[in-house]
Amino acid sequence: TEHTMLAAVAVGVAVTSSTVSEQLQHPSPPPPPSPLVPFSYHGCLTEPSKSLKWCDPTLSHTERIDELIGEMTLSEKIGLLSPNKKLGDMCNDHTQGVPRLGLPPYMWLVETNTGASSACLESGKCAVNFNGPLGVGATFNRTLWTLKGTVIGTEMRAFNNIGWHRAAGPGLDLIGLTGYGPNINNPRDPRFGRLSELPSEDPYHAGHYATAMLKGMQAEDRNGHPLMISFLKHFTAYSMETNRSHSNYNVSLFDLFDTYLPQYEIAFKEGGARGVMCSYDAMNGRPSCANDYILKTVLRDMWNQPDAFVSTDCGAVKNLLGPPVNGHNGLVVSTYALNNGTDLEMGTDIMYLNLEVAVAAGLVEESTVTAAARRTFVPLFSAGLYDPLDQVEWSTLGEEVIGSDLHLQIRDEAALQSFVLLKNNDLLPLKIGTSIAIIGPIGTAHDLFSDYVGDQVCPGKTTKNSGKIFNCSTTIFDAIRTLNVGGTTTNATGCKIAGISPFGIPSAVSVASNADVVILALGIDRSIEHEGLDRTAITLPGHQEDLARAIYALKKPTILILTNGGPLAIDDIQDGAGAIVEAFNPGFGTPMLARALFGLENRWGKLPYTVYGKDYVNEVDFFNYEMAKAPGRTYRYFTGKPLFTYGFGLSYSNFTLSCTKTTNAFPMNFSCEVHNVGPVAGDEVVQVYHSVGAEIRAAANHPVPLRSLVQFERLSLALGESASVDFSLPMTAFALVTANGNRTIYHGNHSVVFSRGHGQEVVIPITV
């Protein structure tokens, strides 16, 4: 079973979520647990509660929710919509139950962007934490994304089954079944501090990443219970940390529906997302958590998601007391949030303290409170929290699946396919047994994780404590040294990531001078970019470039490895390197990086974003949200010359690509032949883009993308092997977003472009 699943990951074939789930979890064989399970928010398990009508499993979930809400007072319903600080951390959001009705309390927030945020188990096993989402996005592998989601969902369910907790400690912040992630905001600007949390700059790419993850996270048992419930972050147009609590930006309908919303629409309509966390930022004077247009008109009405659950980010209701709303008091802002589409407040209890008065004053209808309360119940009932345990097959999952060997193999496979080979003048792969010097501050760093890594990554420490909290991860130096059997592997830091002192550079040069090959390990970490902190420049900080120039002066064969979230402008140092590898935030994936460097694997990914030159930040206004304003943002609108373009990535192999159109009607079908001409086995990604002709561009009264991704497929080919891959493009793939946010298909000349991210492309003209 493990071999079959990992083979599927390697090839990138389509695997259904149900197949993945059954092979990963084997939910059926063990007997169901005793009803005397640890407390973990399950209701309807005691004999008194089983007699209540809302606990009757013969009724539908809708009928049971109606029964429960019908028995609740206004005050009890309001208690579902805002945290009770007596129960625990306000940002993790503990809402109160209704003891007289047998309804337990609940904690909503578990981060699930890279893993299920949790404390490590007493056995020392920890939740699997994947490499950063940018790297996972760079794999362009839907099957792998589904497996990532399945791992997270499986471990989340297991934590809930055993009554485990987040990092606050035993008995506190018990893990429920609702997770927040993936995060699919658009990385509009390379300075955005949370770029490490995101999978791609392309809306289609990000939407299908989320869709595949959701299919794994929410894989259903035979009775329709998902492993967990996933809510997307951060809805929407959130791409700046500076003044994020009170920011207000002008966003046109064109940009909203062309760039900031499509990935969420895909995730809801194709991936089955159950809700969102609304973001801190305001668009056109309306904060996202009080914006009825995006929360009600778009999400619930236009996208036909009436049960879509909306919770605020931590403290977002309190933020309404300040700009741009400047609400006078808690009564005003709680009313504003609820009436405009928010269901659940996080971080503060303003709604809890004020909504009852608001209803009495006629500012809020009780029916609005009831509707919000209903939406909080829909995901919890769906997950089986109030169903008999023997009807929820996932109830058999226990500690044995946490950090299991299979889950770790999937994690490592995700890392292996994530690295992007940006340059290679025949310097890679390295030969085992070589004299290698690892130079730079990244080489011996343990914390190479993206933002929002799990609560506890290594046993005995939490990310909230100081000290060697990531010391169970392998450094790049140790990973390379382990594989370089028979060779010599040395290291020197040279300088700090952002230090002001260059005094370590001479000693690093001395170490490098005694090696045959130098690996420069440079980059940034979460001290440079993180939640709450944007970058002001996109070059390497501190004296890292000085270190690189000093090493290049040795005229040694030099490989540059970059680790980072946001892209790094390496204009001034890229020419001196014989090979360049983008590793993003590898986390536990450094042993896989070493395997790639030595040629033991040839599984490279493709860039999920554009790498701009250093002057780009002086050419675009960080505070401007227009995607097409010169020189443009992302590959879809950038008219300048990037250092490396979206989708770019090399391999140790050479591939040829030929494509033909096989049908003329919609859906329009195409067939491509990919041939690995060697010299080794390897992976390739075929990317399919749509663009329009000059006449359409001239006639349009709105921006038109240079081109847009509409399909992709990853292939794994043996030396000399050829494979066919078919693409079916619906008519909507040829649509453009107009000035009013609608989609239309222009008659005239279109093109479908097939690309490997470099080399010659195949362009097929289409007349619509």
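With respect to D455 and R166, a salt bridge is recorded, a charged nitrogen being found less than 4.0 Å from a carboxylate O.
Between the side chain of D343 and the backbone N or O of V310, at least one donor-acceptor pair lies under 3.5 Å. Judged by distance alone, the side chain of T154 and the main-chain N or O of T150 form a donor-acceptor pair under 3.5 Å. Not one N or O on the side chain of E356 forms a donor-acceptor pair closer than 3.5 Å with the backbone of I78. Checked by atom type and distance alone, the side chain of S117 never pairs as donor or acceptor with a backbone atom of V110 at under 3.5 Å. Of the possible donor and acceptor atoms, none in the side chain of N291 sits under 3.5 Å from a partner among the backbone N and O of P287. Remark: side-chain polar atoms of E155 are not paired, donor with acceptor, to backbone N or O of I152 under 3.5 angstrom. Looking at Q218, its side chain does come within 3.5 Å of a backbone N or O of S230 through a donor-acceptor pair. Between the side chain of R188 and the backbone N or O of F622 there is at least one donor-acceptor pair closer than 3.5 Å. The closest donor-acceptor contact from the side chain of T738 to the backbone of N742 lies under 3.5 Å. In this structure a side-chain-to-backbone donor-acceptor pair under 3.5 Å is missing from T114 to F130.
In this structure, the side chains of L81 and T95 stay at 4.5 Å or more apart for every pair of heavy atoms. Counting heavy atoms from C-beta on, the side chains of M277 and T312 never come closer than 4.5 Å. Using a 4.5 Å cut-off on side-chain heavy atoms (C-beta onward), R274 and P226 make contact. Taking 4.5 Å as the limit, every side-chain heavy atom of N326 sits out of range of all side-chain heavy atoms of P324. Counting heavy atoms from C-beta on, the side chains of P379 and F231 come closer than 4.5 Å. Side-chain atoms of D313 and M346, non-hydrogen and from C-beta on, never get closer than 4.5 Å to each other. Residues P182 and M217 are in side-chain contact: their nearest non-hydrogen atoms beyond the backbone lie under 4.5 Å apart. With contacts defined as side-chain heavy-atom distances shorter than 4.5 Å, the pair N340/Y293 does not qualify.
A side-chain N or O of S288 and one of S279 form a donor-acceptor pair less than 3.5 Å apart. With 3.5 Å as the limit, one finds a donor-acceptor pair spanning the side chains of S60 and E63. Defined by atom type and a distance below 3.5 Å, a donor-acceptor pair is present between the side-chain atoms of D534 and T242. N248 and R286 form no side-chain donor-acceptor contact under 3.5 Å, judged by distance and modelled atom types alone. A donor-acceptor contact closer than 3.5 angstrom is absent between the side chains of E345 and T342. A side-chain donor from one of D255 and S252 sits under 3.5 Å from a side-chain acceptor of the other. Side-chain contact, Q96 with Y106: no donor N or O sits under 3.5 Å from an acceptor N or O. No side-chain donor-acceptor contact under 3.5 Å links T370 and S367. Checking Q391 against N223 by side-chain atom types alone, no donor-acceptor pair falls below 3.5 Å. Remark: the D173 side chain and the H94 side chain contain an N/O donor-acceptor pair separated by less than 3.5 Å.
Annotation for I175 and N160: closest pair O-ND2, 3.0 Å, computed over non-hydrogen atoms. Of all heavy-atom pairs spanning Y41 and P105, the tightest one is CD2-O, 3.1 Å. Contact record, H61 with F381: CE1-O, 3.0 Å, taken as the closest heavy-atom pair. For the pair M72 and L101, the tightest heavy-atom approach, listed with the atom from each and the gap, is CG-CD1, 3.8 Å. In terms of heavy atoms, L253 sits closest to A739 at CB-O, 3.8 Å. Residues S382 and I229 come closest through the heavy atom pair OG-CD1, 4.2 Å.
The CG atom of N161 sits 6.0 Å away from atom NE2 of H42, with the distance rounded to the nearest 0.5 Å. Atom CD of E201 is separated from atom CG of N186 by 7.5 Å, given to the nearest 0.5 angstrom. Atom-to-atom distance recorded for Y238:OH and N183:CG is 8.5 Å, nearest 0.5 angstrom. Note that CD of E241 and CG of L195 are 10.5 Å apart. Values are rounded to the nearest 0.5 Å. The OG atom of S311 sits 3.0 Å away from atom OH of Y180, with the distance rounded to the nearest 0.5 Å. For the atom pair CE (M107) and SG (C91), the distance works out to 11.5 Å, reported to the nearest 0.5 Å.
A cation-pi arrangement is not found for R244 relative to Y280, the charged atom failing to lie both closer than 6.0 Å to the ring centre and inside a 45° cone about the ring normal.
Judged as a side chain to side chain donor-acceptor pair (under 3.5 Å), the pairs with a partner in residues 258-273 (not counting sequence neighbours) are, in order, N185-Y264, D258-R636, D258-Y637, E265-K269.
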Kindly indicate, with the supporting measurements, whether the criterion salt bridge (Lys or Arg N to Asp or Glu O under 4.0 Å) is fulfilled by E366 and K77. CA-CA 10 Å; E366 183 170 355; K77 287 183 285 189; 3.0 Å; yes

Derivation and outcome, salt bridge (Lys or Arg N to Asp or Glu O under 4.0 Å), residues D387 and R64: CA-CA 11 Å; D387 288 343; R64 293 170 63 188; 2.5 Å; yes

Could you walk me through whether K50 and D56 pass the salt bridge (Lys or Arg N to Asp or Glu O under 4.0 Å) test, one step at a time? CA-CA 7 Å; K50 289 179 182 178; D56 184 352; over 6 Å; no

Run the numbers on T396 and E393 for side-chain hydrogen bond (donor to acceptor under 3.5 Å, both in side chains), then give the verdict. CA-CA 6 Å; T396 63; E393 292 178 309; over 6 Å; no

Evaluation steps, side chain to side chain contact (heavy atoms under 4.5 Å, CB included), between R535 and E529: CA-CA 6 Å; R535 290 189 290 166; E529 55 175 357; 4.1 Å; yes

Starting from the C-alpha separation in whole Å, work towards a yes-or-no answer on side chain to side chain contact (heavy atoms under 4.5 Å, CB included) for Y336 and V317. CA-CA 9 Å; Y336 196 42; V317 173; over 6 Å; no

Begin with the C-alpha distance, continue with both residues' side-chain angles, and end with the deciding distance and a verdict on side chain to side chain contact (heavy atoms under 4.5 Å, CB included) for W164 and I402. CA-CA 11 Å; W164 200 243; I402 307 298; over 6 Å; no

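Between F309 and W108, the ring planes are parallel. Angles under 30° get that label, and only those over 60° would be called perpendicular. Using cut-offs of 30° and 60° on the angle between ring planes, the pair W303 and F235 is perpendicular. In this structure, Y249 and Y625 have parallel ring planes: the angle between them is below the 30° cut-off, well short of the 60° mark.
A side-chain contact (heavy atoms from CB on, under 4.5 Å) with I184 is found for one member of L232, N113, L198 and no other, namely L232. With E531 as the fixed residue, the salt bridge (charged side-chain N to carboxylate O under 4.0 Å, His left out) test singles out one of R194, R526, K233: R194.
The 12-atom threshold is exceeded at NZ of K296, counting heavy atoms of other residues, nucleotides or ligands nearer than 6.0 Å.
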